[in-house]
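Down below is the structure, laid out as structure tokens.
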2 protein chains.
Amino acid sequence: MAVPLYQAKAEFFRMLGHPVRIRVLELLGEGPKQVRELLAATGVEASSLSQQLAVLRRAGIVASAREGSTVTYALAGPDVADLMLAARRILTEMLTGQAELLDELRESTGGTNELPESSAARS
Amino acid sequence: MAVPLYQAKAEFFRMLGHPVRIRVLELLGEGPKQVRELLAATGVEASSLSQQLAVLRRAGIVASAREGSTVTYALAGPDVADLMLAARRILTEMLTGQAELLDELRESTGGTNELPESSAARS
DNA sequence: CGATCAATTGAAGACTTCTTCAATTGTTCA
DNA sequence: TGAACAATTGAAGAAGTCTTCAATTGATCG
């Protein structure tokens with residue numbers, strides 16, 4: 001409540017802004033995973049993965065449990081899975097959309113982004 | 001195409017990870033705005049706002065056009081507006097969800113995040 | 001033209017975040 | 001117990017991001 005909403009949002013997005021963290025969240029979207037599995041799937045160094053897992057844990061977006069000598073991670077709640085799905089949909093849409101846009105732009109003068117109305121060319 | 005998808009996603013989220021940029025995108029969600037308006041609405045310094053607008057422009061998520069002595073910004077495409085709406089929905093849901101979760105946790109021993117099954121308490 | 005306003009740019013320093021290394025904790029099993 | 005594995009932590013240096021200041025560009029108007 002003390003933190004403005006747009007700041008909380010920014011922090012949340014920043015927390016998502018790392019390739020390994022994205023991959024982990026997508027993997028956990030399939031279901032709980034042991035660290036060994038995440039390690040194998042991502043191919044990063046153990047300690048580096050641990051650091052990123054710690055970030056996700058601190059953000060409260062994943063939960064961990066020790067089972068014997070191994071540790072299992074899971075998404076902290078169903079909202080998170082929804083979020084990852086939505087993000088995935090939106091992002092892939094958006095990225096393909098941008099690719100199309102890029103193609104369109106290449107056909108014309110090769111400009112950067114200007115508003116549709118204005119037709120100024122870059123020097 | 002050269003960039004792995006999860007890396008593109010991470011970059012995209014990182015690009016969103018700043019309070020001023022979030023605010024700007026939400027304002028532009030209402031419709032195109034002149035820089036003066038964004039300046040007034042966000043209350044940040046002109047040059048700081050320009051820097052953040054430049055980030056959004058480079059990412060291709062907003063477009064700008066000069067009209068006389070002023071500059072107008074708008075979201076680069078309809079996808080972007082959809083994205084901001086979805087993000088807003090998801091985020092507010094998620095944040096209130098977390099608030100509830102926090103309340104629940106305060107009622108119990110005040111633990112951090114553990115998997116539901118495990119009930120370890122913090123020292 | 002010269003003054004002024006709107007907006008952007010470049011660069012420097014403070015501040016975060018990433019990666020990596022070595023050290024540490026917890027668990028298993030011989 | 002102690003050797004070995006799983007995972008985490010702490011700390012140091014590299015790399016990136018933010019804010020701010022001064023300088024710059026483009027447009028308007030007297």
Side-chain angles (χ1 to χ4, degrees), chain A residues 4 6-7 9-24 27-28 32-59 62-74 112-115 118 120-123, chain B residues 4 6-7 10-24 27-28 32-59 62-74 112-115 118 120 122-123:
Chain A
Y6 49 86
Q7 179 148 1
K9 289 187 189 178
E11 271 166 34
F12 182 79
F13 283 129
R14 209 179 325 127
M15 185 273 285
L16 292 178
H18 191 285
V20 170
R21 295 197 292 262
I22 294 277
R23 287 220 77 193
V24 166
L27 288 164
L28 294 184
K33 298 258 179 302
Q34 296 184 325
V35 172
R36 32 178 38 271
E37 299 179 90
L38 297 175
L39 216 42
T42 60
V44 304
E45 223 191 304
S47 94
S48 195
L49 179 62
S50 254
Q51 301 275 7
Q52 305 309 333
L53 288 173
V55 171
L56 296 174
R57 247 183 299 130
R58 270 180 244 121
V62 304
S64 69
R66 177 148 230 146
E67 286 162 12
S69 77
T70 71
V71 175
T72 300
Y73 277 82
T112 328
N113 35 309
E114 305 285 332
L115 279 180
S118 131
R122 269 278 163 121
S123 67
Chain B
Y6 49 86
Q7 177 149 2
E11 272 166 32
F12 182 79
F13 283 128
R14 210 178 326 125
M15 185 274 284
L16 291 179
H18 190 285
V20 170
R21 295 197 292 263
I22 294 277
R23 287 220 77 195
V24 165
L27 288 165
L28 294 184
K33 296 257 180 301
Q34 296 184 324
V35 173
R36 33 176 43 266
E37 299 179 90
L38 298 175
L39 216 43
T42 59
V44 304
E45 224 191 304
S47 97
S48 195
L49 177 62
S50 254
Q51 301 275 7
Q52 305 310 333
L53 288 174
V55 172
L56 296 175
R57 246 183 300 132
R58 269 181 246 123
V62 303
S64 69
R66 176 149 232 145
E67 286 163 12
S69 76
T70 71
V71 175
T72 300
Y73 277 82
T112 327
N113 37 310
E114 304 287 330
L115 279 180
S118 131
R122 265 280 163 117
S123 67

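Chain A is the first sequence line, chain B the second, and so forth, proteins listed ahead of strands; every chain is numbered from 1. We use all heavy atoms of the structure for the numbers below, so side chains are in, but hydrogens, waters and symmetry mates are not.
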Carefully, step by step, assess B/V24 and B/Q52 under the rule side chain to side chain contact (heavy atoms under 4.5 Å, CB included).
CA-CA 9 Å; B/V24 165; B/Q52 305 310 333; 6.0 Å; no

Please list every donor-acceptor pair under 3.5 Å in which a side-chain atom of residues 43-51 of chain A meets a protein atom from a residue at least two apart or in another chain.
none

If you pin A/S50 and A/R14 to their nearest nucleotides in DNA chain D, which one's is more 5'?
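Between the two, 5'-proximity favours A/S50.
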
Check the distance between [N]'s [atom2] and [X]'s [atom1] and give it to me in whole angstrom.
X: A/M15; N: C/dC18; atom1: CE; atom2: C1'; result: 17 Å
X: B/R58; N: D/dT17; atom1: CZ; atom2: P; result: 10 Å
X: A/E37; N: D/dA7; atom1: CD; atom2: P; result: 10 Å
X: B/E11; N: D/dG16; atom1: CD; atom2: P; result: 12 Å
X: A/L56; N: C/dC18; atom1: CG; atom2: P; result: 11 Å

Just to confirm, is there a sub-4.0 Å distance from OP1 or OP2 of D/dT9 to any side-chain nitrogen or oxygen of A/R57?
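Yes, because at least one side-chain N or O of A/R57 sits under 4.0 Å from OP1 or OP2 of D/dT9.
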
Is any side-chain N or O of A/Y73 closer than 4.0 Å to OP1 or OP2 of D/dT8?
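Result: yes.
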
Using the rule given for side chain to side chain contact (heavy atoms under 4.5 Å, CB included), can you reason through A/L16 versus A/R21, listing the C-alpha separation, both sets of side-chain angles and the distance that settles it, and then say yes or no?
CA-CA 6 Å; A/L16 292 178; A/R21 295 197 292 262; over 6 Å; no

Let me have a per-nucleotide readout for nucleotides 19-30 of chain C, 5' to 3', with B, S or -, counting only protein heavy atoms under 4.0 Å.
SBB-----SS--

Verdict with reasoning, B/L53 to B/L38, per side chain to side chain contact (heavy atoms under 4.5 Å, CB included):
CA-CA 10 Å; B/L53 288 174; B/L38 298 175; 4.1 Å; yes

Side chains of A/K9 and A/F12: closer than 4.5 Å at any heavy-atom pair?
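Contact flag for A/K9/A/F12 side chains = no.
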
Looking at A/Q34, A/E37, A/R36, which hits side chain to side chain donor-acceptor pair (under 3.5 Å) with A/T70?
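Result: among A/Q34, A/E37, A/R36, A/Q34 is the only option passing the side chain to side chain donor-acceptor pair (under 3.5 Å) with A/T70.
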
Go through C/dT8, D/dA7, C/dC18 for me and flag the one nearest to the A/R36 side chain.
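Given the options C/dT8, D/dA7, C/dC18, the side chain of A/R36 is closest to D/dA7.
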
